[in-house]
Amino acid sequence: MRRALAGLPKTVWLLGAISLLNDAASDMIYPLVPLYVASVLMAGPKALGWIEGVAEAAGSLLKLGAGVLADRIRRIKPFVVLGYGLAGIARPLIGIATSWTGVLVFRFVDRVGKGLRSAPRDAMLAASVSPAQRGLAYGLHRGMDNAGAVVGPLIAAALLAAGLSLRQVFLLAIVPAILVLVMALRLREPERVELREPLHVDWRWSALSKPYRRYLVALGLFTLGNASNMFLLLRANELGMDASRTTLLWAAYSAVAALAATPLSAWSDRIGRKRLILGGWIGYAVLYVVFGLVPITANVLWIAFPLYGLVTAAIEGSERALVADLVPAAKAGTAFGWYYLVTGLLLLPASALFGWLWQRGSPMLAFGFSALCAVLALAVLVSGRPGRRKQLQ
């Protein structure tokens with residue numbers, strides 16, 4: 001593993017460091033947003049569902065457009081720099097919001113930035129390594145991203161313990177955001193293979209290969225039940241966790257996800273992406289049964305959250321590596337755009353429906369629906385006929 005990591009190019013490490021700092025800035029804020037919305041702005045789960053759903057869906061629409069445009073102009077770096085810069089400015093401004101609609105606006109701008117950078121950034125990773133290194137590269141990136149999600153909540157918990165308000169913690173997130181922008185400007189545009197004839201980028205659904213369309217359908221079903229993780233934090237708060245302990249729970253989840261992401265994703269280079277994804281989805285369904293369907297105490301969360309981090313580590317890197325496996329390199333931006341469109345656009349109904357089921361029914365009903373969606377997604381993913389993988393035409 002050490003030799004393999006040492007063999008990764010500088011671009012992979014720089015993108016990982018950028019993600020680490022960016023997530024530190026984001027996760028100083030992320031676990032506190034549901035508390036801020038509920039305790040300061042006096043809004044409920046339904047409002048939180050709309051905030052997260054609308055913001056994520058809007059960002060996902062941009063992910064496809066940014067990916068297609070990056071393929072067509074054969075330029076990646078401008079999208080990455082602009083995306084990180086826009087998000088870094090918007091996130092701290094949540095601290096000046098006086099209503100949940102204000103939080104929605106700033107979360108929307110934050111997700112627009114993510115929409116601009118995500119598909120081009122993943123295409124940059126794919127262009128920087130060989131196929132045999134994809135699981136390792138995406139795993140390292142996700143691991144460093146989740147490491148930032150450990151640092152951020154710990155900083156937030158320390159600031160809250162020092163007597164700072166939620167608003168002040170939000171505003172201080174501008175510091176790591178500035179460092180992210182400086183580092184993004186140091187990225188180099190990846191070398192592109194010279195094409196003998198002009199590249200025709202067809203972004204239509206019908207232009208995707210059948211194996212990739214089936215994969216996207218399975219991801220869509222899983223995402224329909226994969227509402228914002230903020231509901232897990234809200235559940236923790238409902239079970240008696242205060243702001244400081246909630247941020248520590250999120251840090252524990254992120255620490256496990258960070259440590260396990262690289263070895264688990266690298267494992268997919270050997271055993272196959274699909275097997276690891278299926279195992280992760282099974283774990284997700286089981287844990288959501290624990291979170292929602294079983295009467296639990298707050299102490300159980302100290303076990304459930306780290307296990308959820310392990311599930312996340314198994315899924316995130318291998319899902320992205322499978323996208324790169326199924327598509328030609330020249331169309332990676334478009335393919336990742338579709339990946340993010342499907343997984344992000346469905347977050348609107350996923351989060352809104354989860355919040356509605358919780359508020360009108362119960363947490364047990366909402367978490368049970370998510371577990372069911374994971375099982376259905378698993379069935380679709382294994383339903384394809386075995387055979388040689390096809391690429392996008």
Side-chain angles (χ1 to χ4, degrees), residues 1-2 4-5 8 12-13 15-24 26-27 30-31 118 121-122 125-126 129 133-154 215 218-219 222-223 225-230 232-233 248-288 290-291 301-325 336 339-340 343 370-371 374 377-378 381:
M1 178 63 69
R2 287 194 297 270
L5 288 172
L8 290 174
V12 175
W13 287 99
L15 283 171
I18 289 171
S19 288
L20 190 155
L21 277 175
N22 182 71
D23 237 48
S26 178
D27 280 85
Y30 187 82
S118 294
R121 179 204 61 211
D122 282 358
L125 278 170
V129 297
Q133 293 177 304
R134 284 172 181 159
L136 179 64
Y138 286 105
L140 176 67
H141 180 264
R142 295 308 306 163
M144 295 184 74
D145 186 270
N146 285 317
V150 178
V151 175
L154 291 176
Y215 179 46
L219 283 171
F222 179 74
T223 303
N226 188 19
S228 170
N229 284 332
M230 284 191 179
L232 295 177
L233 301 172
L248 292 176
L249 265 181
W250 187 249
Y253 154 80
S254 300
V256 173
L259 293 171
T262 302
L264 282 180
S265 293
W267 195 27
S268 76
D269 289 330
R270 296 195 299 257
I271 69 170
R273 322 285 185 212
K274 186 181 289 187
R275 288 181 181 178
L276 194 57
I277 293 170
L278 291 176
W281 287 359
I282 291 171
Y284 178 92
V286 171
L287 281 173
Y288 262 57
V290 172
F291 279 122
L301 297 178
W302 293 109
I303 300 174
F305 266 76
L307 288 176
Y308 186 57
L310 194 63
V311 167
T312 300
I315 293 173
E316 289 186 334
S318 53
E319 280 185 354
R320 290 164 174 79
L322 184 55
V323 173
D325 288 346
F336 277 110
Y339 167 81
Y340 283 115
T343 57
S370 293
L378 187 152
L381 190 60

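Hydrogens, waters and symmetry mates play no part in the numbers below; they use all other heavy atoms, side chains included. Throughout, residue positions are numbered sequentially from 1 according to the sequence presented.
One distance of note links CG of Asp269 with CG of Asp325; it measures 8.5 Å at 0.5 Å rounding. In this structure, the separation between OG1 on Thr312 and CG on Leu307 is 11.0 Å, given to the nearest 0.5 Å. We find the CG-CH2 distance between Leu248 and Trp302 to be 5.0 Å, quoted to the nearest 0.5 Å. A distance of 10.0 Å separates CG in Leu136 from CZ in Arg270, rounded to the nearest 0.5 Å. A distance of 6.0 Å separates CH2 in Trp281 from CD in Glu319, rounded to the nearest 0.5 Å. Interatomic distance, Leu15 CG to Leu125 CG, rounded to the nearest 0.5 Å: 5.0 Å.
For the pair Gly280 and Val311, the tightest heavy-atom approach, listed with the atom from each and the gap, is O-CG1, 3.2 Å. Listed here is the closest heavy atom pair of Gly135 and Ser265: O-CB, 3.1 Å. Across all their heavy atoms, Ala126 and Ala324 have their closest contact at CB-CB, 4.4 Å. Of all non-hydrogen atoms in Ser318 and Ala314, the two that sit nearest each other are OG-O, 2.6 Å. Pairing each heavy atom of Leu287 with each of Ala304, the nearest pair is CD2-O, 4.2 Å. Nearest approach of Ala261 to Gly139, heavy atoms of both residues: CB-O, 3.5 Å.
Qualifying side chain to side chain donor-acceptor pair (under 3.5 Å) partners for Ser370, counting only residues two or more places apart in sequence or in other chains: none. With sequence neighbours left out, the ring-ring contact (aromatic ring centres under 6.0 Å, His included) criterion links Phe305 to Phe291. Under the rule for a side chain to side chain contact (heavy atoms under 4.5 Å, CB included), the partners of Leu20 that lie at least two apart in sequence or sit in another chain are Met144, Ala147. Scored by the ring-ring contact (aromatic ring centres under 6.0 Å, His included) test, Trp250 finds Tyr30, Tyr253 as partners (sequence neighbours excluded). The side chain to side chain donor-acceptor pair (under 3.5 Å) test applied to Tyr215 returns no partner, not counting sequence neighbours. Qualifying side chain to side chain contact (heavy atoms under 4.5 Å, CB included) partners for Leu310, counting only residues two or more places apart in sequence or in other chains: Val256, Ala260, Leu264.
Counting heavy atoms from C-beta outward, Tyr308 and Leu301 have side chains that stay 4.5 Å or more apart. Looking at Leu381 and Phe222, their side chains never come closer than 4.5 Å, going by heavy atoms from C-beta outward. Side-chain contact check for His141 versus Val12: every heavy-atom pair is 4.5 Å or farther apart. Counting only heavy atoms from C-beta outward, the side chains of Ile315 and Leu276 never approach each other to under 4.5 Å.
Side chain of Arg320 to backbone of Glu316: a donor-acceptor contact under 3.5 angstrom is found. In this structure, Ser26 contributes its side chain and Asn22 its backbone to no donor-acceptor pair below 3.5 Å.
Below 30°, between 30° and 60°, or above 60°: for Phe336 and Tyr339 the angle between ring planes is above 60°, a perpendicular geometry.
Residues Ser268 and Arg273 have side chains that bring a donor and an acceptor to within less than 3.5 angstrom of each other.
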